Amino acid sequence: MDFIVEAAVKAIKHLYDTDVAPGDVNLQETRKEFEGQVTVVTFPFTRFSKKSPEQTGVEIGTFIQNELKEVSGFNVIKGFLNISLADDYWITQLYHTILPADFASFKPNGAKVMVEYSSPNTNKPLHLGHIRNNLLGFSVAEILAAAGYEVIKTNLVNDRGIHICKSMLAWQRFGNGETPESSGLKGDHLVGKYYVLFDKEYKKQIEELKAAGQTEDDAKKNALLIKEAQQMLQQWEAGDEEVLSLWKTMNRWVYTGFAETYKELGVTFDKFYYESDTYLLGKDIIEEGLAKGVFFRKDDNSVWIDLTEEGLDEKLVLRSDGTSVYMTQDMGTAQLKYNDFHMDRSIYVVGNEQDYHFKVLFTILKKLGKQGSEGLFHLSYGMVDLPSGKMKSREGTVVDADDLMAEMQQTAKVQTDATGKVDGFSEEEKLHLYHIIGMGALKYFLLKVDPKKRLLFDPNESVDFQGHTGPFIQYTHARIRSVLNRAGLLDIAGAAAYDQLAPEERDLIVALTQFPEAIKLAADTYSPAIIANYVYELAKTFNKFYHEKSILQAEDEASKQFRLQLSAASGKVINKGMKLLGIEVPERM
RNA sequence: GGUCCCAUAGCUCAGCUGGAUAGAGCAACAGAUUUCUAAUCUGUAGGUCAUAGGUUCGAAUCCUAUUGGGAUCACCA
């Protein structure tokens, strides 16, 4: 649409002898109730024209129509110049822009971006909150890749620390040698079971101590189990053979379980980092920061940064005993990642509860003048809450990721079987379809919402399969495929005679042309929701067209071939758009 | 207490850098299938865009304050 903007600029120069920047021309899609496809807002130009908005619109419109052969007409309503482009223009768009294989594929832009997401703890299985994280991270990575970036997907696994020791200790104490094999439990679930058990026993001990007269705080510190867990962590850090062996065994169980969950979710990673490797990093950066005067040392030997000027607090970066804190580690890890990949941008997909942490981390790295620090971004997303409140693994009040995915596929099965459309499918095809649809419903449900908004999930209200949902879009795709399969070989040349567009056809082409802009906007704002909503609008537009116009029974051969081309283009864009969300589309459903 | 985020129809959400009469889906009601997949389509009903000011030709959108909800401010990660 740049050519319209250019023509408008030229019109204003010619008519009112004023130079305006292309950015000053406000171009928008014409609202459905008016004639035309693009609209120029004329209010800003009245100060140059010294005329009414209507008259200004007519003058600019007249100029543009004379200037551009693509413009077939215009109307002005209350200062809005609605421009109609000729059918020929839209048909050309379909053939020469949309249908070619390279439509909406951006040239490599030479920039490298890292997307870090998932970042699980190895003491418990993944839950719904992690699903949101994983889907967001994966989708953002896909979108950035589509927008021309070179993308590296990383997963920083939190595989050490006191919480891991809690699971280990509880297993050691109460597990009786239970293994995934002996219990039939998925490894991550088995370990999670002992994490919950630890908390239960720990609470019991706290109550006992309180009954014996201790305050709550004292009881929490003095309970035998927590002391043992702390001791275990020290042994781990000291490299105790037995503890390390247990740690390795239990983590292996967890990784086997995670791998299954990731596979089911359809997410992948290019590089794993482990905190057990990185938790000691960052100390050299402390020295560097002290030398540069960015950090300062207090009398007790602890190291701090003063960020009060930035509206933040003083922040500890190294303990008085010389050991690292979370911030130290993250500084070190950031450096490590940069050394490994030299990326221009680095996206951290982490919940909004860590907004403060990342603000501080990025500020520190910038103050240190670290390479790549200008490209740091925290993709902060809202928590997934239940009607009962926040999910807490410790207390078992979570929607488990594996359970939820299984449930979604079960619901998909019920809904699909009820239609009777899959009777001819093999058992394998059916299972595959249930998977595609169930996961499509879940993924779309989570991705259509703006990432930064918190999400309420009611387990008692099932995720919809109708309306503004993944299955709606998948269905539209299956519908298109069905028609195309019936049509057999397409004949573009046969469509050449078609030169008069019906409104539904024009609307559909207009919608299709907007795909690249949607990708660009989604990439710039790191928001899969943009793509989700775009694809939904497109599917709706197609369904309307499908309903109004017969394809295979079209009036004549040219109409039929044209509509087949239009359908094929729609199917491709839906497929590609859904792929950016990590959602598959079926051939039949 | 300081800081950050959020608030749009009964419910779940769109609304791009300020632009026309604020849009979808679900739920409710009424319709459409001798015709390419009805997981679809059409229509009806549903709004003080949290509140109050301000900036502007023009504000759901920008600014300020207030209210409500959430998060965070550890020598935890």
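Everything quoted here is computed from the prediction, not taken from an experiment. Labels below follow one simple rule: chain letters A, B, ... track the order of the sequence lines, proteins then strands, and each chain is numbered from 1. Excluded from the calculations below are hydrogen atoms, water molecules and symmetry mates; all remaining heavy atoms, backbone and side chain alike, are included.
- Spacing between B:A24 and B:C49 at atom C1', rounded to whole Å, works out to 16 Å.
- Classification of A:E505 and A:R563 as a salt-bridged pair holds, one side-chain N sitting under 4.0 Å from a carboxylate O.
- Atom CZ in A:R588 sits about 10 Å away from atom C1' in B:U37, given to the nearest Å.
- Atom C1' of nucleotide B:U17 and atom CG of A:D24 are separated by 11 Å, given to the nearest angstrom.
- Of the candidates B:A77, B:C13, B:A14, the closest approach to any side-chain atom of A:D450 belongs to B:A14.
- Positionally, the nearest nucleotide of RNA chain B for A:G23 lies more toward the 5' end than for the other of A:G23 and A:K544.
- Note: OH (A:Y546) to P (B:C36) measures 7 Å, nearest angstrom.
- A close approach under 4.0 Å does occur between a side-chain nitrogen or oxygen of A:K78 and OP1 or OP2 of B:U21.
- We find that OH of A:Y444 is positioned 12 Å from P of B:G25, with the value rounded to whole Å.
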For RNA chain B, the dot-bracket notation using Watson-Crick and G-U wobble pairs below 3.5 Å, [ ] for pseudoknot-type crossings and | for other-strand pairs, is (((((((..((((.....[...)))).(((((.......))))).....(((((..]....))))))))))))....
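- The side chain of A:H163 approaches B:A77 more closely than any other nucleotide in the set B:A77, B:A14, B:A20.
- Distance noted for atom P between B:U8 and B:U48: 12 Å (whole Å).
- Salt-bridge check for A:D199 with A:K166: failed, with every basic side-chain N at 4.0 Å or more from each acidic carboxylate O.
- Across B:A45 and B:G10, the matching P atoms stand 15 Å from one another, rounded to whole Å.
- Minimum atom distance to the side chain of A:E275 is reached by B:A77, of the listed B:U12, B:A77, B:A38.
- In this structure, A:H547 atom NE2 and B:G43 atom P are separated by 12 Å, rounded to whole Å.
- Using a 4.0 Å heavy-atom criterion, one finds that A:E537 contacts no nucleic acid atom at all.
- Taking atom C1' in both B:U42 and B:U33, one finds a spacing of 13 Å when rounded to whole Å.
- Where A:D464 and A:L433 meet RNA chain B, the nucleotide closest to each residue was compared, and A:D464 sits on the side nearer the 5' end.
- Going from atom CD of A:E555 over to atom P of B:C36 covers 16 Å, rounded to whole Å.
- Side-chain proximity of A:T419 to B:A77, B:A39, B:C36: nearest is B:A39.
- The distance from atom CZ of A:F358 to atom P of B:A77 is 14 Å, rounded to the nearest whole Å.
- In this pair, A:F80 and A:F43 present their aromatic rings perpendicular. The plane angle is above 60°, beyond the 30 to 60° band.
- The shortest distance between the side-chain N/O atoms of A:R31 and the OP1/OP2 oxygens of B:G19 is not below 4.0 Å.
- OP1 or OP2 of B:A38 lies within a sub-4.0 Å distance of a side-chain N or O belonging to A:R479.
- The number of heavy-atom neighbours closer than 6.0 Å to CD of A:E309, taken from other residues, nucleotides and ligands shown, is 12 or below.
- For B:C36, neither phosphate oxygen OP1 nor OP2 lies less than 4.0 angstrom from any side-chain nitrogen or oxygen of A:K560.
- Side-chain proximity of A:F80 to the nucleotides B:A20, B:A77, B:C41 is greatest for B:A20.
- Within 3.5 Å, a donor on the side chain of A:N82 pairs with an acceptor on the base of B:A20, or the reverse.
- Stacking of A:R132 on the aromatic ring of A:Y381 is not recorded, the 6.0 Å distance cut-off and the 45° axial limit not both being met.
- When the nucleotides B:C75, B:U37, B:A20 are ranked by their closest atom to the side chain of A:Q28, B:A20 comes out on top.
- We find that the ring of A:F43 and the base of B:G19 stack, their centres lying under 5.5 angstrom apart and their planes tilted less than 30°.
- Note on ring orientation: taking the six-membered ring where Trp is involved, the planes of A:H432 and A:H435 are parallel (angle under 30°, cut-offs 30° and 60°).
- Between A:Y348 and A:F362, the ring planes are tilted. Angles from 30° to 60° get that label.
- A:T476 contributes no side-chain N or O that forms a donor-acceptor pair with the base of B:A39 under 3.5 Å.
- Distance from the side chain of A:R486 is smallest to B:C36 among B:G23, B:A14, B:C36.
- Side-chain proximity of A:V483 to B:C36, B:A14, B:C75: nearest is B:C36.
- A:E216 contributes atom CD, which lies 4.5 Å from atom NZ of A:K220 (distance to the nearest 0.5 angstrom).
- Look at A:E116 and A:K337 and you find a salt bridge, because one of the NZ, NE, NH1 or NH2 atoms lies within 4.0 Å of a carboxylate O, short of that distance.
- Taking every side-chain heavy atom of A:E353 into account, B:U72 is the closest of B:U72, B:C75, B:A39.
- A salt bridge does not link A:D556 to A:K560: none of the charged side-chain nitrogens sits closer than 4.0 Å to a carboxylate oxygen.
- Here A:K298 pairs with A:E314 in a salt bridge; the nearest charged N to carboxylate O distance falls below 4.0 Å.
- A donor and an acceptor atom never sit less than 3.5 Å apart when one is taken from the side chain of A:S482 and the other from the base of B:C36.
- Applying the 4.0 Å criterion to OP1 and OP2 of B:A77, one finds that A:R319 has a side-chain N or O inside that range.
- Residue A:L316 places its side chain closer to B:C75 than to any other of B:A71, B:C75, B:A39.
- For the pair A:Y536 and B:A24, the ring geometry does not qualify as stacking, because the centroid separation below 5.5 Å and plane angle under 30° are not jointly satisfied.
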Per-pair distances, 0.1 Å, donor-acceptor, side chain in residues 481-491 of chain A, under 3.5 Å, sequence neighbours excluded:
{"residue": "A:R481", "atom": "NE", "partner": "A:E587", "partner atom": "OE1", "Å": "3.0"}
{"residue": "A:N485", "atom": "ND2", "partner": "A:R481", "partner atom": "O", "Å": "3.1"}
{"residue": "A:D491", "atom": "OD1", "partner": "A:A493", "partner atom": "N", "Å": "3.4"}
{"residue": "A:D491", "atom": "OD1", "partner": "A:G494", "partner atom": "N", "Å": "3.2"}
{"residue": "A:D491", "atom": "OD2", "partner": "A:G494", "partner atom": "N", "Å": "3.4"}

With 3.5 Å as the limit, what N/O pairs link the protein to nucleotides 1-10 of chain B?
{"residue": "B:A7", "atom": "OP1", "partner": "A:K453", "partner atom": "NZ", "Å": "3.2"}

